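Data first, discussion second: the structure below is written as structure tokens.
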Amino acid sequence: MAAREIVENIYAVGTISWDLRCFDSIMPTPRGSSNNAYLVKGSEKAALIDTGEAHEEAEFITNLMRADQHSLDYIVCLHAEQDHSGLLPLLLEVYPMAKVVTNEVCKGLLMAMHHLEEVEERFIVIGDKETLSLGDKTLKFYLAPWVHWPDTMFAEVVEDKVLFTTDFLSTHYASPTLFQNDDSSEYLEGVKRYYAAIMMPFRAAVREQLALVEEIAPEIVAPSHGPVLKLPAKIMDLYHDWASETPKNSVVVAYVTMHGSTKLMVNFLVDDLVQRGIPVHQYNLLETDSGVLGSAIIDAATIILATPTVLFGPHPLAVNAAYLVRALRPKAKYLGVIGSYGWGTNAVNYLAEMLSPLGAEVLEPVYIKGLPDEQAISSLHKLADSIEERHKTL
Ligand SMILES: Cc1cc2nc3c(=O)[nH]c(=O)nc-3n(C[C@H](O)[C@H](O)[C@H](O)COP(=O)(O)O)c2cc1C
């Protein structure tokens with residue numbers, strides 16, 4: 001990939017992974033991704049904004065050479081995670097005069113993770129709203145913690161109104177174009193997957209950093225993954241909506257079944273909710289990737305886990321889903337467990353306990369032996385009644 005000019009003397013020099021299908025071994029990336037890095041060439045000094053994964057060295061160094069960058073004054077680290085900082089040790093060797101510019105928290109993480117004690121004197125620690133002159137371009141730094149690590153920060157090229165936002169407003173999306181001009185559904189699906197997996201647990205920080213971006217009012221947002229954005233109003237609006245604490249009148253039913261009993265229960269419950277006009281989506285956990293499930297739970301008011309009992313507890317796929325729900329901390333107000341067992345079970349308690357840190361109300365479970373009978377169907381109707389009643393108060 002050649003270095004690509006964003007505005008005069010600011011280049012994208014990162015790497016694109018067209019074939020990547022899972023990021024961090026946790027996030028499915030059906031459209032690939034990119035690890036973005038940027039080169040800012042001032043009249044006196046040059047700064048690299050972030051690096052890339054350690055294994056991307058060949059492509060990365062090639063890009064810097066194509067940008068004709070044979071020396072560097074600064075390597076700015078906006079975030080210590082290895083997809084941004086993995087090449088820092090190598091670049092410190094390649095550019096022996098370069099200083100590392102970062103905040104105190106990020107410095108601590110970089111030093112600890114890359115064992116950089118020997119080069120500590122090459123670090124320059126900057127604080128919130130401090131600036132660094134590159135000659136005719138000025139970098140201004142903004143601490144933006146918890147989107148999504150404690151160290152995250154933004155950097156602005158003041159004269160060009162370009163804001164580097166690290167993972168904030170990023171998307172795992174390998175784009176042939178430098179800028180994202182369209183609202184293609186594929187791209188927006190990527191935006192949503194990324195928000196769900198990375199930003200959702202930190203909604204309060206997301207709201208704070210949205211306000212910061214609005215205050216800075218950049219003309220161009222250059223994030224760490226996916227395309228560069230001009231006036232990202234659409235994505236900002238989506239973030240505002242997703243990061244609010246108000247859930248929507250919708251229900252997510254995530255289920256697994258071995259012999260079909262739990263599936264029949266799901267069918268009854270979902271049909272009942274549909275009859276009542278409550279938006280509901282069901283997901284078979286056997287074939288639902290974590291990005292789809294994560295996106296689905298962003299704003300649902302109720303999440304139902306449906307599982308048979310396996311060895312006295314929930315099916316492992318339901319445990320996995322519950323773990324994901326707990327970790328992503330969605331804004332759901334109500335949780336439910338339904339399912340089927342044979343002779344003895346602790347599945348409901350197990351899931352209720354797993355999900356208790358969310359602080360949501362756990363609705364009366366419907367957990368039955370074998371196939372659903374009339375009594376089970378009546379209990380599922382009652383569950384739909386309580387969902388309808390509670391959703392009226394949203
Ligand atoms: C591997 C396996 C382990 C099971 N372990 C239990 C168990 O510990 N306790 C129990 O009550 N039922 C157990 N069952 C029975 C199922 O929970 C029961 O058949 C249930 O009705 C299946 O629901 P489904 O039709 O939705 O798959 C087990 C079934 C299988 C296949």
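Remember, it's 1-based here, ligands and their atoms both numbered in the order they're listed. This one's a predicted model, so the numbers in the text were calculated from it and none came from an experiment.
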Is it true that T15 and E56 share a donor-acceptor pair across their side chains at a distance under 3.5 Å?
yes
Atom 9 (N) of ligand 1: nearest protein contact (heavy atom, Å)
G344 O, 2.8 Å
Against heavy atoms of L311, which atoms of ligand 1 measure under 4.0 Å?
3 (C), 4 (C), 5 (N), 6 (C), 7 (C), 8 (O)
Determine which pairs satisfy side-chain hydrogen bond (donor to acceptor under 3.5 Å, both in side chains) with at least one residue from residues 384-394, sequence neighbours left out, and list them in order.
N249-H391, R276-D385, R276-E388, T302-H391, E361-R390
Which one of T307, V310, I338 has a non-hydrogen atom at the shortest distance from atom 2 (C) of ligand 1?
V310
What residue and heavy atom of the protein are closest to atom 12 (N) of ligand 1, and at what distance?
G342 N, 3.1 Å
Protein contact to atom 11 (O) of ligand 1 [nearest heavy atom, distance to 0.1 Å]
W343 N, 2.7 Å
Which residue and non-hydrogen atom of the protein lie closest to atom 22 (C) of ligand 1, and at what distance in Å?
P308 CB, 3.7 Å
Donor-acceptor under 3.5 Å (N35 side chain, I16 main chain)
no
Would you kindly check if the NZ (Lys) or CZ (Arg) of K230 is within the cone defined by 45 degrees around the ring axis of F179 and under 6.0 Å from the six-membered ring centre?
yes
At what distance is the nearest protein heavy atom to atom 16 (C) of ligand 1, and which residue and atom is it?
T309 O, 3.5 Å
Top protein contact for atom 19 (O) of ligand 1, by heavy-atom distance
H259 CD2, 3.8 Å
Residue and atom name of the nearest protein heavy atom (relative to atom 8 (O) of ligand 1), distance in Å to one decimal:
F312 N, 2.6 Å
Note the single closest protein heavy atom to atom 30 (C) of ligand 1, along with its residue, its atom name and the distance in Å.
M258 CE, 3.6 Å
Qualifying side-chain hydrogen bond (donor to acceptor under 3.5 Å, both in side chains) pairs with a residue from residues 366-375, counting only residues at least two apart or across chains
T309-Y367
One thing to verify: whether D289 and R193 come together as a salt bridge, which I'm taking to mean a side-chain N less than 4.0 angstrom from a carboxylate O.
yes
Is T257 in polar range of ligand 1, meaning some N or O pair under 3.5 Å apart?
yes
Is the Y195 ring parallel, tilted or perpendicular to the W242 ring (thresholds 30°, 60°)?
tilted
Under 6.0 Å between ring centres: does that hold for F168 and F154?
yes
